[in-house]
Structures are given as structure tokens and as C-alpha cells.
Amino acid sequence: MKNYHDYKECIDACLQCAALCNHCASGDTQEKDVNMMAKCIQLCMECAAICYAAAQLMSLGSSQAKEVCFICAQLCDDCYAECSKHNHEHCKECAAACKKCAEACRKMA
């Protein structure tokens with residue numbers, strides 16, 4: 001059974017991505033046109049949720065970790081695509097973290 005040490009690189013990428021997705025969603029709420037940022041906010045919150053779930057399941061050595069990481073990579077791709085459309089610093093940071101996390105999750109899955 002695989003455990004935390006086997007998944008550490010991917011766990012770290014997921015946790016960093018989740019934190020930056022939360023930061024981005026929060027930053028989006030401070031932008032002048034919040035309605036324009038609604039899709040970004042939603043995707044960032046969804047991405048953070050799946051990243052935390054993936055990290056937790058990998059830490060537990062779950063037999064479902066690979067499946068969740070596959071879904072995590074897909075959601076990270078979606079969040080990356082949306083955040084890349086915006087020129088805010090928090091969106092750029094989030095996009096970079098999403099790209100890194102998607103790569104790590106694909107490698108793991």
C-alpha cells in the first residue's frame with residue numbers, strides 16, 4: 001500500500017494549489033467587477049476542494065487516490081484556463097499552481 005512518502009510531491013503540489021486557489025477566489029471578490037470574476041471564483045473554490053481531498057486521500061494511502069487525482073488534474077486544467085484569462089497577480093499565481101498540480105496529479109494517476 002502506498003502512503004504519504006510515496007505521494008509527497010503530489011500532496012505538496014495539491015496543498016499549494018488549494019491555498020493559492022483560495023487566495024485567488026478571495027482576491028477575485030475584491031476586484032471592481034466581481035460579476036465578471038464569478039466563473040473564476042467558482043472554479044477556484046472547486047479546485048481547492050478537490051486538491052484538499054486528493055491530498056488527504058493520498059496521505060491516507062487510499063485505494064481511490066489515483067481516481068481522485070485524475071479528476072483533480074482535470075479541474076486544475078479548467079481553473080488554469082480560467083485564471084490565465086485574467087491579468088491579476090493572484091490569478092497568475094493560481095494558474096501556475098494549477099498547472100504544476102495538474103502535472104503532478106497526472107504523473108501520480
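- Val34 and Thr29 make their closest contact through CG2-O, 3.4 Å (heavy atoms, listed as atom of the first residue, atom of the second, distance).
- Separation of atoms SG (Cys69) and CE (Met58) is listed at 4.0 Å; rounding is to 0.5 Å.
- In terms of heavy-atom proximity, Met108 sits nearest to Ala65 at CE-O, 3.7 Å.
- Note on residues 33-56: no pairs pass ring-ring contact (aromatic ring centres under 6.0 Å, His included), not counting sequence neighbours.
- Atom NZ in Lys100 sits 11.0 Å away from atom SG in Cys10 (nearest 0.5 Å).
- Within a 6.0 Å sphere centred on CG of Asp33, heavy atoms belonging to other residues, nucleotides or ligands number more than 12.
- A donor and an acceptor atom, one from each side chain of His88 and Gln30, are nowhere located under 3.5 Å apart.
- Listed by first and then second residue, the side-chain hydrogen bond (donor to acceptor under 3.5 Å, both in side chains) pairs involving residues 70-82 are Asp77-Arg106, Glu82-Lys85, Glu82-His86 (not counting sequence neighbours).
- Formation of a donor-acceptor pair under 3.5 Å by the Ser26 side chain with backbone atoms of His23 is not found in this model.
- The closest side-chain heavy-atom distance from Glu103 to Lys107 is not below 4.5 Å.
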task = For side chain to side chain contact (heavy atoms under 4.5 Å, CB included), just list the numbers for Cys98 and Cys83, CA-CA rounded to whole Å, side-chain angles, deciding distance to a tenth of an Å, and then say yes or no.
result = CA-CA 9 Å; Cys98 285; Cys83 284; 5.8 Å; no
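- Within the model, atoms SG of Cys40 and NE2 of His90 stand 7.5 Å from one another, a figure rounded to the nearest 0.5 Å.
- For the atom pair NZ (Lys2) and CG (Leu60), the distance works out to 16.0 Å, reported to the nearest 0.5 Å.
- At least one side-chain heavy atom of Lys92 sits under 4.5 Å from a side-chain heavy atom of Asn87.
- Taking 4.5 Å as the limit, some side-chain heavy atom of Ile50 sits within range of a side-chain heavy atom of Val68.
- Distance check: Ile41 CD1 to Asn35 CG gives 9.0 Å after rounding to the nearest 0.5 Å.
- Criterion: ILVMFWY side-chain heavy atoms under 4.5 Å apart, direct or through other members. Under it, Leu57 and Phe70 are not part of a common hydrophobic cluster.
- Within the model, atoms CD of Gln16 and SG of Cys94 stand 10.5 Å from one another, a figure rounded to the nearest 0.5 Å.
- Met45 and Ala25 get closest at one heavy-atom pair: CG-CB, 4.1 Å.
- With a 6.0 Å radius and a threshold of 12 heavy atoms from other residues, nucleotides or ligands, Glu31 has its CD atom above the threshold.
- At a threshold of 4.5 Å between non-hydrogen side-chain atoms, the residues Cys91 and Met37 count as touching.
- Shown here are the side-chain hydrogen bond (donor to acceptor under 3.5 Å, both in side chains) partners of Lys39, two or more places apart in sequence or in another chain: there are none.
- In this structure, Glu9 places its CD atom where only 12 or fewer heavy-atom neighbours from other residues, nucleotides or ligands lie under 6.0 Å away.
- Contact annotation: the side chain of Cys51 never approaches that of Cys21 to less than 4.5 Å [non-hydrogen atoms, C-beta and beyond].
- Asn22 and Ala48 get closest at one heavy-atom pair: OD1-CB, 3.5 Å.
- Taking both residues in full, the closest heavy atoms of Ser59 and Tyr4 are given as OG-CD1, 4.1 Å, listed atom of the first, atom of the second, then distance.
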